[in-house]
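The structure appears below as structure tokens.
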2 protein chains.
Amino acid sequence: MAQAGTVDRILDTAEVLFAQKGFAETSLRAITSKAGVNLAAVNYHFGSKEALIQAVFERFLTPFSAALGAKLDEMEASGTPDTPENVLGIVSRLALGTHPQDPQRAATFFRLSGQAYSQPQGHLRDYLHTHYGAVFKRLQAHLQRAVPDVPPMELFWRVQFSLGAVIFTLSGMQSLQAISRSDFNLDVSAADITRRLLPFLVGGIQAPMPDQLKVES
Amino acid sequence: MAQAGTVDRILDTAEVLFAQKGFAETSLRAITSKAGVNLAAVNYHFGSKEALIQAVFERFLTPFSAALGAKLDEMEASGTPDTPENVLGIVSRLALGTHPQDPQRAATFFRLSGQAYSQPQGHLRDYLHTHYGAVFKRLQAHLQRAVPDVPPMELFWRVQFSLGAVIFTLSGMQSLQAISRSDFNLDVSAADITRRLLPFLVGGIQAPMPDQLKVES
DNA sequence: GTATGTTTGAAACGTATGTTTTGAACACAG
DNA sequence: CTGTGTTCAAAACATACGTTTCAAACATAC
């Protein structure tokens with residue numbers, strides 16, 4: 001990351017700063033000065049700040065969703081049974097392992113995702129849904145086979161709950177670690193949290209259905 | 001909300017706008033013009049924009065945490081057994097029912113909380129933790145009695161996971177409803193989602209422990 | 001009615017932001 | 001060398017923001 005081109009230096013720096021301080025709170029001047037490039041370079045290479053944000057996500061998500069697709073192919077080819085543990089395990093190992101040389105990278109990206117998802121107006125949310133919805137649905141289909149007793153709509157929501165638990169927790173890891181440290185005198189890593197997450201998610205996803213769900217207006 | 005005083009008109013409007021567009025993306029001018037008050041009124045009555053944000057949270061959270069404390073008193077007095085369903089049920093009914101005259105209000109506030117928690121630098125997160133941490137710990141203690149086999153630290157994280165699932169889902173309800181509608185042709189309300197959430201959370205919180213948790217640096 | 005303290009209104013201030021411009025530096029083909 | 005397209009650098013631009021100012025309006029008590 002030292003002598004990379006202007007474009008990559010911008011992307012690297014923007015990724016970190018966006019995760020640290022948020023989109024609106026990170027100015028182009030902060031990015032360009034820390035990256036050691038000229039202010040105008042962002043608009044020259046990306047067109048606008050919003051395009052920069054999208055580019056940051058694309059650079060991370062495209063390889064990730066491709067890797068996820070490949071893992072699902074593998075799973076189907078090898079006849080691995082569809083259990084919640086297997087399906088969620090793939091995602092978890094992938095999220096933590098796509099950038100083994102930089103263990104911080106995954107945490108940075110979860111923070112980014114958290115911000116993208118909690119942006120109320122939801123540009124990015126829609127963008128993610130349209131561009132990476134296919135792999136997502138494939139994943140959901142595997143989960144459905146793993147818990148056939150859970151109705152599809154219920155599973156849809158449970159997957160959203162899981163997403164929330166994951167992104168929310170890992171995006172706030174820094175603060176949460178401080179609390180955990182003061183309460184338990186113990187440090188935790190992203191891998192540690194993920195290991196704790198898995199049983200929780202499995203338990204939630206395959207929970208028995210409530211007796212009846214009434215729909216109101 | 002029609003003829004309220006300046007302070008309340010500001011708070012009402014700010015609450016809605018912050019939830020809709022975020023803190024940084026909502027200008028004082030947008031708030032004051034929509035509230036029909038002068039721009040300077042915010043700085044006059046609250047001192048600064050950040051103080052306004054805190055005031056919005058305080059106005060909602062203080063009654064809520066008081067009500068939660070009362071419900072816990074009630075539970076202890078009546079000898080209601082500490083089960084995950086009972087404890088989580090209290091919170092859920094409270095979150096949905098504190099403002100029965102305005103069902104939108106709860107959703108608005110969840111969106112607010114989502115933004116507060118995902119703000120990376122975490123002023124608000126710390127503020128919430130220090131001001132309302134006591135009730136929170138009390139709740140966690142009840143949960144601990146409900147699932148004595150789960151070690152305290154594990155429970156701590158599971159509560160965080162649950163918080164993530166709740167806030168994340170309800171803060172993104174609007175977008176998620178759109179997806180759900182297109183996938184299932186079905187509409188859902190906040191109460192509906194909450195009813196789906198409960199079994200998920202109960203399943204996650206009382207999930208069996210993984211065989212062993214190694215701690216890494 | 002006058003005086004006093006509080007609240008509002010309109011305008012201005014200083015600053016930070018995203019973006020645009022213009023020209024120099026550079027790489028490379030003819 | 002000359003010309004051409006690309007990248008970079010410095011400066012300026014326009015705008016939006018939070019905040020401050022100061023006088024007018026108001027309420028309340030004496």
Side-chain angles (χ1 to χ4, degrees), chain A residues 1-59 112 115-116 118-124 127, chain B residues 1-59 112 115-116 118-124 127:
Chain A
M1 159 150 118
Q3 255 324 60
T6 305
V7 170
D8 285 311
R9 282 219 303 282
I10 292 176
L11 285 174
D12 289 337
T13 312
E15 183 176 290
V16 173
L17 288 186
F18 281 150
Q20 274 176 2
K21 325 189 82 167
F23 300 119
E25 292 81 359
T26 302
S27 67
L28 294 185
R29 283 169 175 81
I31 296 172
T32 52
S33 75
K34 182 161 187 179
V37 305
N38 190 271
L39 167 61
V42 169
N43 283 280
Y44 176 76
H45 287 288
F46 297 94
S48 70
K49 186 183 183 179
E50 187 150 343
L52 207 212
I53 298 177
Q54 277 204 4
V56 167
F57 274 92
E58 231 175 280
R59 188 174 66 145
L112 265 186
Q115 302 213 30
S118 56
Q119 256 196 348
Q121 127 195 40
H123 294 152
L124 271 173
Y127 172 84
Chain B
M1 160 151 127
Q3 257 322 62
T6 305
V7 170
D8 285 311
R9 283 221 301 285
I10 292 176
L11 284 174
D12 289 337
T13 312
E15 183 176 290
V16 173
L17 288 186
F18 282 151
Q20 274 176 0
K21 323 188 82 165
F23 300 118
E25 294 80 1
T26 303
S27 67
L28 294 186
R29 282 169 175 83
I31 296 172
T32 52
S33 74
K34 182 160 188 180
V37 305
N38 191 271
L39 168 61
V42 168
N43 282 280
Y44 176 77
H45 286 288
F46 298 94
S48 69
K49 184 182 183 179
E50 188 149 342
L52 208 212
I53 298 178
Q54 277 202 5
V56 168
F57 274 91
E58 231 174 279
R59 188 174 65 146
L112 265 185
Q115 301 211 33
S118 56
Q119 256 196 349
Q121 127 194 41
H123 296 150
L124 273 173
Y127 172 83

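In the text below, chain A, chain B and the rest are named by the order of the sequence lines, each starting its count at 1.
- Among the heavy atoms of the strands, none lies under 4.0 Å from Thr32(B).
- A salt bridge links Asp12(B) and Arg59(B); the closest N-O separation between the charged side-chain nitrogens and carboxylate oxygens is under 4.0 Å.
- Here the P atom of nucleotide dG18(C) and the CZ atom of Phe18(A) are 9 Å apart, to the nearest Å.
- With respect to Phe23(B), the side-chain contact (heavy atoms from CB on, under 4.5 Å) criterion is satisfied by exactly one of Leu112(B), Leu17(B), Val56(B): Leu112(B).
- Look at dG18(D): its Watson-Crick or wobble partner, with both distances under 3.5 angstrom, is dC13(C).
- For Thr6(A), a side-chain nitrogen or oxygen approaches OP1 or OP2 of dC8(D) to under 4.0 Å.
- Neither OP1 nor OP2 of dG18(D) sits under 4.0 Å from any side-chain N or O of Ser48(B).
- What separates CZ of Arg29(A) from P of dA11(D) is a distance of 13 Å, to the nearest Å.
- Distance Lys49(A) NZ to dA16(D) C1': 13 Å, rounded to the nearest Å.
- If you check dC30(D) for Watson-Crick or wobble pairing at under 3.5 angstrom, you find it paired to dG1(C).
- Between Ser27(B) and dC17(D) there is a side-chain polar atom (N or O) within less than 4.0 angstrom of OP1 or OP2.
- Each of Leu39(B) and Tyr44(A) has a nearest nucleotide on DNA chain D; the 5'-most of these lies closest to Tyr44(A).
- At least one side-chain nitrogen or oxygen of Asn43(A) sits closer than 4.0 Å to the OP1 or OP2 atom of dT19(C).
- Note on His45(A): a side-chain N or O is less than 4.0 Å away from OP1 or OP2 of dC8(D).
- One interatomic measurement links the two molecules: CG of Leu28(B) to C1' of dC13(C), which rounds to 16 Å at whole-angstrom precision.
- Remark: side-chain polar atoms of Glu25(B) are not paired, donor with acceptor, to backbone N or O of Ala24(A) under 3.5 angstrom.
- Taking atom CD of Glu25(B) as the reference point, atom C1' of dA16(D) lies 14 Å away to the nearest angstrom.
- In terms of position along DNA chain C, the nucleotide closest to Ala41(B) lies nearer the 5' end than the nucleotide closest to the other residue of the pair Glu50(A) and Ala41(B).
- Proximity of Thr6(A) to Asn38(A): side-chain heavy atoms (C-beta onward) are nowhere separated by under 4.5 Å.
- Side-chain proximity of Asn38(B) to dA12(D), dT19(D), dT8(C): nearest is dT8(C).
- Side chains of Lys49(A) and Val42(A) form no contact here, defined as non-hydrogen atoms less than 4.5 Å apart.
- The distance between atom CZ of Phe46(A) and atom P of dT7(D), rounded to the nearest whole Å, is 12 Å.
- As rounded to whole Å, 14 Å separates atom P of dT7(D) from atom CZ of Arg9(A).
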